[in-house]
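Note that the structure is predicted; figures quoted are calculated from it, not measured. Residues take their numbers from the sequence shown, with the count starting at 1.
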Amino acid sequence: MFLRLAQQHQEFVQDLVMNLQALTIILERRGYTASCYTCGDQMKSASFMVSLREKHLIRFLVSDYGITWMELWDDRELMKLEGAEAINQLQELANLVKYSTTVQLTN
């Protein structure tokens with residue numbers, strides 16, 4: 001049972017990394033500065049960042065150790081979410097990008 005769960009988690013992380021890479025491409029095409037870095041070809045972790053406005057940065061980290069969403073303003077942390085809450089916030093960003101030409105997050 002635990003081996004199956006571990007494999008499912010690894011597949012989940014890989015899917016999340018692929019989606020972050022796609023979101024990065026879409027954001028860049030819309031004129032935002034965005035990046036998604038992974039370590040190696042196995043896609044076990046990623047660091048995603050996007051600058052929404054001057055001094056407004058979103059950082060999303062995913063790995064086998066956890067998932068974190070951080071929103072920063074002028075290098076100060078405004079919000080930090082982990083796990084499912086972090087993924088929900090990422091979905092909100094993706095929805096805003098999908099349905100709008102201007103990305104604006106609301107708290």
**Prompt:** Is there a side-chain contact between Leu16 and Leu90 (heavy atoms, below 4.5 Å)?
**Reply:** yes
**Request:** Report the distance from atom CD of Gln89 to atom CE of Met79, rounding to the nearest 0.5 Å.
**Result:** 4.0 Å
**Item:** Neighbour count >12 (heavy atoms, 6.0 Å) for atom CD, Glu28
**Value:** yes
**Fill in**
Rounded to the nearest 0.5 Å, the OH atom of Tyr37 sits from the CD atom of Gln21 at a distance of 12.5 Å
**Request:** Quick one: pull up CZ in Arg59 and OG in Ser47 and give me the separation to the nearest 0.5 Å.
**Result:** 6.5 Å
**Asked** Would you say the side chain of Gln8 lies within less than 4.5 Å of the side chain of Leu5, judging by non-hydrogen atoms?
**Response** yes
**Item:** Validation row: Gln91, Ile87 side chains within 4.5 angstrom (heavy atoms)
**Value:** no
**Asked** Which pair of heavy atoms, one from Leu20 and one from Cys36, lies closest together, and at what distance?
**Response** CB-SG, 3.9 Å
**Message:** Would you say Leu52 ends up clustered with Ile26 if hydrophobic residues are merged whenever their side chains have heavy atoms under 4.5 Å apart, either directly or through other cluster members?
**Reply:** yes
**Item:** Connected via hydrophobic side-chain network under 4.5 Å: Phe12 and Met18
**Value:** yes
**Prompt:** How far apart are the closest heavy atoms of Met43 and Gln14, and which atoms are they?
**Reply:** O-CG, 3.5 Å
**Message:** Suppose we screen for side-chain contact (heavy atoms from CB on, under 4.5 Å). Which residues come up paired with Lys80, at least two apart in sequence or across chains?
**Reply:** Thr68, Met70, Glu77, Glu82
**Message:** Could you check whether any side-chain heavy atom of Leu93 comes within less than 4.5 Å of a side-chain heavy atom of Trp69, counting everything from C-beta outward?
**Reply:** yes
**Request:** State which residues pass side chain to side chain donor-acceptor pair (under 3.5 Å) with Gln10; sequence neighbours excluded, sorted by chain then number.
**Result:** none
**Message:** So Leu23 and Phe60, do their side chains get closer than 4.5 Å, heavy atoms only?
**Reply:** no
**Message:** Taking Leu61 as the starting point, is it possible to reach Met49 by hopping between hydrophobic residues whose side chains are less than 4.5 Å apart?
**Reply:** no
**Message:** Hydrophobic cluster membership, with links at side-chain heavy-atom distances under 4.5 Å among I/L/V/M/F/W/Y: are Val97 and Leu57 in one?
**Reply:** no
**Asked** For Ala46 and Thr38, which heavy atoms make the closest approach, and how far apart are they?
**Response** CB-CG2, 4.0 Å
**Prompt:** When you look at CG of Asp75, are more than 12 heavy atoms from neighbouring residues, nucleotides or ligands closer to it than 6.0 Å?
**Reply:** no
**Item:** Set of side-chain contact (heavy atoms from CB on, under 4.5 Å) partners for Glu11, sequence neighbours left out
**Value:** Gln7
**Item:** Nearest heavy atoms of Tyr32 and Val50, plus distance in Å
**Value:** CB-CG2, 4.1 Å
**Request:** Looking only at non-hydrogen atoms, find the nearest pair between Phe48 and Leu27 and report the distance.
**Result:** CZ-CD1, 3.7 Å
